[in-house]
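Notes for the one structure printed next.
Since we're looking at a predicted model, the values are computed, not measured. All values below come from the heavy atoms of this structure, side chains included, with hydrogens, waters and symmetry mates left out.
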Amino acid sequence: MKTAPHNGRRPARGSRALRTPGGLSLRLDVRALVVVALLLVAALAASVVLIGTGDFPIPAGDVVRTLLGDGDPGQEFVVNELRLPRVLVGLLVGASLGLGGALFQSISRNPLGSPDVLGLSQGSTAGALVVIVLMSGSATEVTVGALVGGLATGAAIYLLAWKQGVHGYRLVLVGIGVNAIAVAVNGYLLTKADLVDAARAVVWMTGSLNGRGWEQVGPLALLCAVLVPLVLANARGLRMTEMGDDLSHALGVRVERVRALLMVAAVLLTAAATAAAGPVAFVALIAPQLARRLTRSPGPNLVPSLCMGATLLVAADWASQRAFGADQLPVGVVTGVVGGLYLLWLLVAERRAGRI
């Protein structure tokens, strides 16, 4: 494999164009690859530390040996049955939210175009509350309700925003309106719930990884195994659409097909993550923006956003367990605080730059 020019021009700074012996040309962003590698290492390291954290602490070396099948029976039970599923759910939920947020922000061409703002998280919450309050459903039924609520909300946003195509500005405005309606519906459902169901619903609405087990890992892992390759296969078309619909059409991109397909994937990822852990705030909003700042690369930055989301959620889960003394907080509280601080910092930075 050797370095090749790109259309007769030198590759952009920080990227390399590679050509295989078969004539396939591939362009690699070296900085983005380094960022992805570092985020993967950080996510794995945080996962090992998190697995070893708890009332029965386990050193990191013993955690690694246990994961490799060389631990004692007590450690194997604690690691493989009690803590590993929770960490895997955290990684999968964070990755799903990071990738879903990157897709929505790219499709809407707006940094605020995330599931938190567009109403998908609140729509999933509404579906779960209907099951909790009106049906007193089981944990599995609540998960199904959240998934159905998210899909229904995504379909409503797409249909309401459609007018000879879906455009970013209209999508964000419709999403904000749908979000307000979903918040009102959720408030109404809480007022109709009895005390036990209301307490259960509030805990779920905060966003938490407590009590998560292998029954959440399997469906979420299967969904990611299907959707992530599908999204990456259409990444080039998504990047082309950021240059405008007319130019994308001229380059042979079927804009509405790509946009609809990736919106469905983003809705499924967000709804599944919400169904597994509740509406964890701000991860889908800030993970793509942090990834873009680290890579300094234009475009959707799908893989860096996925890795950033996983790293953020696992780190936030560790902080929720250890950073507040004896009090353990739901992970959604920690991500909400971090997200709020990030938005305040971003507002101050934009104002100093004279952009607002």
Side-chain angles (χ1 to χ4, degrees), residues 35-51 53 83-105 114-116 120-121 124 143 146 150 206-213 216-225 227-228 231-232 265-295 300-323 329-340 342:
V35 169
V36 168
L38 292 176
L39 287 174
L40 287 175
V41 171
L44 292 175
S47 299
V48 170
V49 172
L50 184 56
I51 291 174
T53 299
R83 297 179 183 172
L84 179 59
R86 173 184 178 132
V87 172
L88 290 177
V89 171
L91 289 170
L92 290 169
V93 167
S96 299
L97 291 176
L99 182 57
L103 288 172
F104 274 115
Q105 290 179 23
S114 79
D116 303 288
L120 289 171
S121 297
S124 296
T143 299
T206 305
S208 175
L209 295 174
N210 291 336
R212 298 306 185 265
Q216 283 84 31
V217 174
L220 194 54
L222 179 61
L223 188 70
C224 288
L227 292 181
V228 171
V231 169
L232 296 181
V267 169
L268 284 171
L269 288 167
T270 304
T274 305
V280 180
F282 283 115
V283 174
L285 177 65
I286 65 176
Q289 298 186 32
L290 291 177
R292 187 174 294 111
R293 288 176 181 274
L294 289 176
T295 63
N301 284 278
L302 298 179
V303 176
S305 298
L306 182 152
C307 297
M308 177 62 75
T311 304
L312 280 176
L313 196 54
V314 174
D317 192 31
W318 178 87
S320 71
Q321 295 185 52
R322 307 303 297 176
L329 300 178
V331 68
V333 174
V334 177
T335 60
V337 172
V338 173
Y342 173 79

Which atoms form the tightest heavy-atom contact between [X] and [Y], and what is the distance?
X	Y	value
Pro288	Gly98	CG-O, 3.7 Å
Gly332	Ala281	O-CB, 4.5 Å
Gly213	Val89	O-CG2, 4.1 Å
Leu209	Arg86	O-CG, 3.7 Å
Leu269	Ser96	O-CB, 3.7 Å
Cys307	Leu39	CB-CB, 3.8 Å

[atom1]-[atom2] distance between [X] and [Y], expressed to the nearest 0.5 angstrom:
X	Y	atom1	atom2	result
Ser208	Asp317	OG	CG	8.0 Å
Ser305	Leu294	OG	CG	10.0 Å
Leu285	Leu97	CG	CG	11.0 Å
Gln216	Leu220	CD	CG	9.0 Å

Donor-acceptor under 3.5 Å (Gln105 side chain, Ser114 main chain) = no
Say whether, by atom type as modelled, one donor and one acceptor occur between the side chain of Arg292 and the main chain of Asn301 under 3.5 angstrom.
-> no
Run through Leu50, Leu88, Thr53, Ile51 and flag the one making a side chain to side chain contact (heavy atoms under 4.5 Å, CB included) with Arg83.
-> Ile51
Checking side chain to side chain contact (heavy atoms under 4.5 Å, CB included) against Leu232, which of Leu227, Leu99, Leu302 comes through?
-> Leu302
Hits for side-chain contact (heavy atoms from CB on, under 4.5 Å) against Leu313, two or more places apart or cross-chain, chain-then-number order -> Val93, Val280, Val283, Val331, Thr335
Check: Phe104 and Thr270 side chains under 4.5 Å, non-hydrogen atoms | yes
